[in-house]
Amino acid sequence: MSEERSLNFLEEIIEEDIRNGKNDGRVHTRFPPEPNGYLHIGHAKSICLNFGLAQKYNGQTNLRFDDTNPEKEETEYVESIKEDVKWLGFEWQNELYASDYFSQLYDFAVMLIRKGKAYVDDSTPDQIAEQKGTPTEPGTPSPWRDRSVEENLLLFAEMRDGKYQDGEKVLRAKIDLASPNMHMRDPIMYRIRHAHHHRTGDAWCIYPMYDFAHGQSDSIEKITHSVCTLEFIPHRALYDWFIEELEIFPSRQYEFARLNMTYTVMSKRRLLQLVNEGFVNGWDDPRMPTISALRRRGYTSASIRDFCDRIGVAKRENIIDVSLLEFCVREDLNKTAWRRMAVLDPLKLVITNYPEDQEEIFVGENNPEAEDGEGSREIPFSRELWIEREDFMENPTKKYFRLGPGLMVRLKHAYIIKCDDFVKNEQGDITEVHCSYIPESKSGNDTSAIKVKGTIHWVSTRHAAQVEVRLYDRLFKVEDPGAEGRDFREYVNPESLQVIPSAYIEPDLASAVPGKGYQFIRKGYFTLDKESAPGQLVFNRTVTLKDTWAKEVKKG
RNA sequence: AGUCUUGUAGUGUAAUGGUACCACGUCAGAUUCUGGCUCUGAAAAUCUAGGUUCGAACCCUAGCAAGACUACCA
C-alpha cells in the first residue's frame with residue numbers, strides 16, 4: 001500500500017521529536033532569505049525542504065526576511081523573492097521581517113547587559129580581531145570588558161540614541177575568550193550604522209548582527225526546526241547560548257549541505273559579478289541559475305520541485321550534475337508541451353511533382369503523450385518547404401536516415417518524399433533540394449506500403465512566419481568554475497548564447513502563449529521570451545531533446 | 001595549527017549488525033510518422049589499516065582525504 005520511502009535525516013529527527021511529544025508534536029519551519037539578491041536553484045532546494053517538511057507533518061512555514069543589514073537590502077529583492085516562492089508553488093503562513101523584532105531584540109540585549117552577559121566595547125575592528133586570538137591561542141580580554149552594568153546600560157542607550165559615529169562602539173556578548181569555537185569568543189551583537197533601512201527607515205542607527213537576530217527571531221515565531229546550511233554549524237553553540245541566557249522558546253537549528261551544480265556558480269557574490277560585469281544580461285538572463293532565469297528560460301516549477309526531491313537532503317558536500325535538472329524538465333515538458341514544427345537552419349526543398357498552386361491542410365495533434373492528444377492544429381502544406389539543413393547530406397553515411405540523393409523520408413504529418421536532385425551555388429553550398437512525393441503515402445491514409453527509417457519536420461515557405469530563436473548552452477566550460485584557486489570568469493562559455501535572427505515557424509505558433517512550453521519537434525523545448533512583441537516573436541530554448549544521433553556523429 | 005562536519009558506482013542517494021537499493025549519466029538492444037517518448041539488458045561503489053562479532057557500509061581505535069570556522073555580512 002504505502003510505498004516505504006526512506007526518510008532523510010531531518011525527517012528522522014522530526015519523527016523522533018513527534019514520537020517524544022516535543023513541542024506537542026508541532027512542526028513549524030521558516031524560509032529566511034536576506035533580501036540582497038535574487039533567489040537561485042540552491043534556494044529552491046531550501047524552499048522545497050522547509051515548506052515540504054511542514055507540509056508532510058501538517059505544520060506551517062513562515063517566510064521571514066533576514067533584513068538586519070540596511071546597507072545591502074532592498075525592497076526590489078523582497079518583491080522578487082516573494083514572486084519566486086509563489087511561483088514555485090508554496091504558500092507561507094506569515095510574511096515576517098527580522099526588522100519587525102528590532103525593538104524586542106533591543107530589550108533582549110538590555111536583559112543580557114543586566115545579567116552581566118554583554119558589554120559595550122570601544123575597540124576598533126582591528127583591535128577586536130586581534131583580541132580574538134587564533135584557533136590554537138585563546139583570545140585576550142578587551143580593556144572595556146569589565147565595565148559596570150550601569151555604564152553598559154547607559155552607553156548602549158546612547159548608542160541607540162545616535163550619540164556615536166559608525167564603528168565607534170559595539171555591543172558584545174561576554175562568553176568565553178578561550179573557546180575553541182571562535183564564534184563564542186565574545187561575538188558582536190550590535191553595531192552602529194547610520195543607514196536608511198528599507199522598512200524601518202531611520203528609526204534605528206544600531207543594528208543586530210545575524211547571530212543576535214536569527215535565533216531570537218526563530219524563537220519569537222516559535223519555530224521548532226530551524227533548517228540552515230552547513231556553514232552555520234559553528235554558530236549553533238551561540239544560537240543555543242542566546243536562547244538559554246534569554247530563557248526563551250527553544251528553537252533548534254539543523255544543518256544540511258547546500259546545493260552545488262555542475263557548469264554554474266551559485267553564490268550571490270559571483271552571480272552579482274556576472275550581472276555587473278556584463279557576462280550576462282541581468283539576473284533573469286536565461287543562462288543564470290536564478291529562479292527568475294529558469295522561469296524565463298521555460299523551466300516549469302513542477303520540474304524544479306521534482307529536481308529538489310530527487311537530489312535528496314544530507315550533510316555531505318555535493319555537486320549535482322546539471323543533466324539531472326535537464327532530465328527533470330524534459331520529463332515534465334514531454335508530458336505537457338504541445339508539439340509544433342519550426343526550422344532553425346533553413347534549406348529550401350521543392351516537391352517537383354506537386355502543383356505550384358496546390359495547397360493542403362494537414363492536421364497534427366497537440367500532444368501525442370496525452371490520451372486525447374489535447375486537440376490538434378492545422379498545418380498548411382505546399383510545393384516549397386523549409387527543412388533543416390542538417391536533414392540533407394550530399395554523401396550520406398550508412399546510418400544516416402534522412403535526405404540524400406536517392407533517399408526517402410517521411411515529412412511529418414504529410415507525405416513520403418524521394419530526393420531526386422539538389423542545387424549548389426558557386427561557393428559549393430547547397431541551396432535547394434528537389435524531391436518527388438508519393439501521393440499514396442499521405443499521413444493517416446498511407447497505402448503505399450513504403451517503409452522509411454526517417455521522419456523530418458518542415459514548414460511551408462508560403463505560410464511560414466519568421467521569429468528570433470535563442471539557443472542557450474551551459475554558462476561555463478568547466479564542471480566547477482568556482483573551484484579553489486580559479487577565477488570563474490575565465491571559464492565563461494563564449495558560445496553559451498547563440499541567436500538565430502530568423503527561424504521559420506508553422507503558422508499556428510504565431511499565436512504562442514507566454515509561459516507555455518512548446519516542443520519544436522526533433523529540436524527541443526522552447527518558450528516565448530518576455531522580449532517578444534507582436535509580429536516580433538522571440539523563443540528561448542529551454543533544453544534540447546535527448547539526442548542520440550548527435551552522440552553517434554561525435555563518435556564518428 | 002585547534003575545533004567542528006563529512007567520506008557508498010562517474011554524479012546524487014538508500015541500506016541503522018544479516019543478499020549493497022534506487023535515480024541520473026554511460027553502453028548495448030527493441031520499438032517508433034520526433035534518431036524524442038516507451039520498453040529490455042549491461043558495466044560500474046562501501047577512503048585506508050587494525051579490532052569487536054558467526055557475520056561490519058553500519059560498532060571501536062588509529063590514520064588519510066575533503067569542507068567549514070578565525071567579518072562591526074548573512
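Note: hydrogens, waters and symmetry copies are ignored here, and every other heavy atom, side chains too, is used.
Taking the ring centroids of A/Phe381 and A/Trp458, they lie under the 6.0 Å cut-off. Checked against a 6.0 Å centroid threshold, the rings of A/Trp386 and A/Tyr504 count as neighbours. Taking the six-membered ring for Trp and the full ring otherwise, A/Phe307 and A/Phe327 have centroids separated by 6.0 Å or more.
A side-chain donor-acceptor contact under 3.5 Å links A/Thr29 to the backbone of A/Asn50.
Across all strands shown, A/Tyr207 has no heavy atoms under 4.0 Å from either base or sugar-phosphate atoms. No engagement by A/His214 is indicated, since no non-hydrogen atom pair under 4.0 Å with the nucleic acid exists. The residue A/Lys555 sits close only to the backbone: its heavy atoms come under 4.0 Å of sugar-phosphate atoms, none of a base. Within the 4.0 angstrom heavy-atom criterion, base atoms lie near A/Asn334. Residue A/Arg316 is classed as a base contact, given a heavy-atom separation below 4.0 Å to a base. Nucleic acid contact for A/Gly454: none, since no nucleic acid atom lies under 4.0 Å from a heavy atom of the residue. Across all strands shown, A/Leu545 has heavy atoms under 4.0 Å from base atoms, whether or not it also approaches the sugar-phosphate. Nucleic acid contact for A/Arg330: none, since no nucleic acid atom lies under 4.0 Å from a heavy atom of the residue. Residue contacts shown for A/Ala314 are limited to sugar-phosphate atoms, with no base heavy atom under 4.0 Å away. At a threshold of 4.0 angstrom between heavy atoms, the contacts of A/Thr262 with the nucleic acid are absent. Looking at heavy-atom distances under 4.0 Å, A/Phe65 makes no contact with the nucleic acid at all. Nucleic acid contact class of A/His183 (heavy atoms, under 4.0 Å, all strands): sugar-phosphate only. A/Lys551 comes within 4.0 angstrom of sugar-phosphate atoms only, judged by non-hydrogen atoms across all strands, and of no base. In this structure, A/Ile521 reaches the bases: a heavy-atom distance under 4.0 Å links it to at least one base atom across the strands shown.
Remark: A/Arg199 is positioned above the aromatic ring of A/Tyr97, its terminal NZ or CZ atom under 6.0 angstrom from the ring centre and at most 45 degrees off the axis.
Between A/Trp204 and A/Phe102, the angle of the ring planes goes over 60°, which puts this pair in the perpendicular group of the 30/60° scheme. In this pair, A/Phe362 and A/Tyr415 present their aromatic rings perpendicular. The plane angle is above 60°, beyond the 30 to 60° band. Ring planes of A/Tyr210 and A/His235: perpendicular class, angle over 60° (limits at 30 and 60°).
In RNA chain B, runs of at least 3 stacked Watson-Crick or G-U pairs (N1-N3 plus N6-O4 or O6-N4, or N1-O2 plus O6-N3, all under 3.5 Å) give these stems: B:2-7 with B:64-69, B:10-12 with B:22-24, B:26-30 with B:38-42, B:47-51 with B:59-63.
Nucleotides B/G51 and B/C69 have their C1' atoms positioned 34 Å apart, rounded to a whole Å. For B/U46 and B/C59, the C1' atoms lie 16 Å apart once the distance is rounded to whole Å. The separation of B/U13 from B/A30, taken at their P atoms, amounts to 36 Å, rounded to a whole angstrom. Between B/C73 and B/G17, the distance separating the two C1' atoms is 46 Å to the nearest Å. As rounded to the nearest Å, B/C58 and B/A15 have P atoms that lie 14 Å from one another.
Running 5' to 3' along RNA chain B, contacts with non-hydrogen atoms of chain A at under 4.0 Å begin and end at B/A1 to B/A74.
Residue A/Tyr38 forms a side-chain contact (heavy atoms from CB on, under 4.5 Å) with just one option from A/Leu272, A/Thr290, A/Leu271, and that option is A/Thr290.
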Audit row: A/Gln131, A/Arg172, side-chain hydrogen bond (donor to acceptor under 3.5 Å, both in side chains) steps and yes/no: CA-CA 12 Å; A/Gln131 291 158 15; A/Arg172 286 227 257 173; 2.4 Å; yes
